[in-house]
Amino acid sequence: MIPYEDDEFTRPFTGRVDAELNQEMHVEVRVEGVDSRQFALVMDKCWATPVNDPDYSLRWDLILSECPNPNDDTVELLQNGVSTSSRFSFRMFIFTANSTRLYLHCAVHLCLLSSNRCSTDCASGHRRREGRSLDFHDSASISMGPLVLSEGNTDKWVPEQVKVSEASCLCGSLMLILVPLMSVLTHF
């Protein structure tokens with residue numbers, strides 16, 4: 001999972017990056033080492049939590065059932081289920097004044113492109129049926145963060161900037177996807 005500075009996805013954030021509250025953030029989730037002619041990466045759901053725990057009870061959904069959360073008009077799904085990378089954008093936020101960190105999590109799976117069922121038409125209101133089918137292959141969850149409220153006086157809830165820390169989980173997250181994928185590829 002990689003945050004980008006631009007909406008063309010050409011300049012990834014590196015190191016500690018300053019981002020303003022309500023700034024549009026561009027995120028790409030991708031898998032490498034997979035045959036892009038056979039598989040597409042599908043984001044099933046993506047959400048944010050104030051702690052580094054994807055199962056934490058306080059969360060905000062960004063993507064649900066492969067489509068943007070209808071309760072958050074800042075989320076835009078840019079690409080999902082058409083290649084080995086999926087992309088979305090959202091506006092930066094913080095949960096509460098006492099919660100100065102934000103973590104992003106996504107549940108993803110690989111889809112067999114030959115099924116022609118990897119992408120969902122979110123505009124039509126017809127969502128894909130739940131459950132696994134023959135086109136559904138290995139799934140994984142990945143996380144990124146924290147996005148941190150800037151230093152200074154955090155007693156006031158008038159944040160001017162938030163910081164995005166290094167995506168230190170990137171290597172571990174990619175391994176979570178690549179290890180199961182290697183077992184799938186050895187079966188072909």
Side-chain angles (χ1 to χ4, degrees), residues 1-21 23-34 36 39-56 58-69 72 74-95 99-111 118-120 122 136-149 162-182 184:
M1 189 180 314
I2 304 168
Y4 282 82
E5 295 182 43
D6 61 319
D7 58 1
E8 290 91 25
F9 291 83
T10 58
R11 294 187 320 268
F13 282 129
T14 56
R16 289 184 67 93
V17 179
D18 290 328
E20 293 181 11
L21 196 63
Q23 177 182 338
E24 189 171 56
M25 297 297 295
H26 309 279
V27 180
E28 179 179 58
V29 180
R30 69 177 176 219
V31 62
E32 294 176 350
V34 175
S36 60
F39 291 101
L41 180 72
V42 178
M43 292 183 298
D44 299 313
K45 58 186 174 180
C46 294
W47 64 100
T49 60
V51 298
N52 192 11
D53 178 1
D55 299 320
Y56 194 67
L58 179 59
R59 66 186 271 164
W60 181 252
D61 293 312
L62 299 167
I63 296 173
L64 292 164
S65 302
E66 303 172 16
C67 292
N69 178 356
D72 187 338
T74 74
V75 178
E76 185 177 356
L77 188 60
L78 305 168
Q79 177 175 303
N80 198 19
V82 295
S83 73
T84 54
S85 69
S86 294
R87 297 173 172 176
F88 69 99
S89 65
F90 71 99
R91 295 216 176 264
M92 284 294 295
F93 67 95
I94 296 294
F95 280 92
S99 173
T100 60
R101 295 176 183 266
L102 180 74
Y103 294 83
L104 297 179
H105 315 278
C106 287
V108 300
H109 76 271
L110 288 179
C111 180
C118 295
S119 62
T120 300
C122 296
F136 188 104
H137 291 272
D138 274 334
S139 61
S141 292
I142 58 174
S143 297
M144 179 187 74
L147 311 176
V148 183
L149 191 65
V162 290
K163 289 192 173 184
V164 180
S165 75
E166 296 180 39
S168 59
C169 299
L170 182 59
C171 290
S173 298
L174 287 175
M175 290 306 294
L176 286 174
I177 291 175
L178 291 177
V179 170
L181 289 178
M182 294 307 292
V184 167

Close side-chain approach of [X] and [Y], heavy atoms under 4.5 Å:
X	Y	result
Cys118	Phe39	no
Leu77	Met43	yes
Val108	Ser141	no
Leu62	Leu104	yes
Ser86	Glu28	no
Met144	Pro3	yes

Nearest 0.5 Å please: distance from the [atom1] atom of [X] over to the [atom2] atom of [Y].
X	Y	atom1	atom2	result
Ile142	Cys46	CD1	SG	7.5 Å
Trp60	Asn69	CH2	CG	5.5 Å
Cys122	Asn80	SG	CG	7.5 Å
Glu32	Leu41	CD	CG	11.0 Å
His109	Asp44	NE2	CG	5.0 Å

Review point. Does Val51 offer a backbone N or O that forms a donor-acceptor pair with the side chain of Thr49 under 3.5 Å?
Key: yes

Residues in side-chain contact (heavy atoms from CB on, under 4.5 Å) with [X], at least two apart?
X	result
Ser83	Gln79, Ser85
Ser36	Thr84
Leu58	Pro50, Tyr56, Phe95

Revision key, fill the gap. Those residues at least two apart in sequence (or on a different chain) that pass side-chain hydrogen bond (donor to acceptor under 3.5 Å, both in side chains) with Asp6 are Thr10

Exercise for review: Tell me, please, which residues at least two apart from Asp61 pass side-chain hydrogen bond (donor to acceptor under 3.5 Å, both in side chains).
Suggested key: Arg59

Practice item. Show the numbers, then the answer: is there a side chain to side chain donor-acceptor pair (under 3.5 Å) between His26 and Ser89? Key: CA-CA 4 Å; His26 309 279; Ser89 65; 4.6 Å; no

Review point. So Phe88 and Phe90, would you call those rings parallel, tilted or perpendicular, with 30° and 60° as cut-offs?
Key: parallel

Exercise for review: Could you walk me through whether Arg87 and Val27 pass side chain to side chain contact (heavy atoms under 4.5 Å, CB included), step by step?
Suggested key: CA-CA 6 Å; Arg87 297 173 172 176; Val27 180; over 6 Å; no

Point to revise | side chain to side chain contact (heavy atoms under 4.5 Å, CB included) evaluation trace for Glu5 with Gln23 | key: CA-CA 10 Å; Glu5 295 182 43; Gln23 177 182 338; over 6 Å; no

**Study point:** Derivation of the side chain to side chain contact (heavy atoms under 4.5 Å, CB included) call for Leu110 and Val42
**Key:** CA-CA 6 Å; Leu110 288 179; Val42 178; over 6 Å; no

Revision key, fill the gap. The ring-ring contact (aromatic ring centres under 6.0 Å, His included) partners of Tyr4 (sequence neighbours excluded) come to Phe9

Exercise for review: Would you please test Asn52 and His105 for side chain to side chain contact (heavy atoms under 4.5 Å, CB included) and show each step?
Suggested key: CA-CA 9 Å; Asn52 192 11; His105 315 278; 4.3 Å; yes

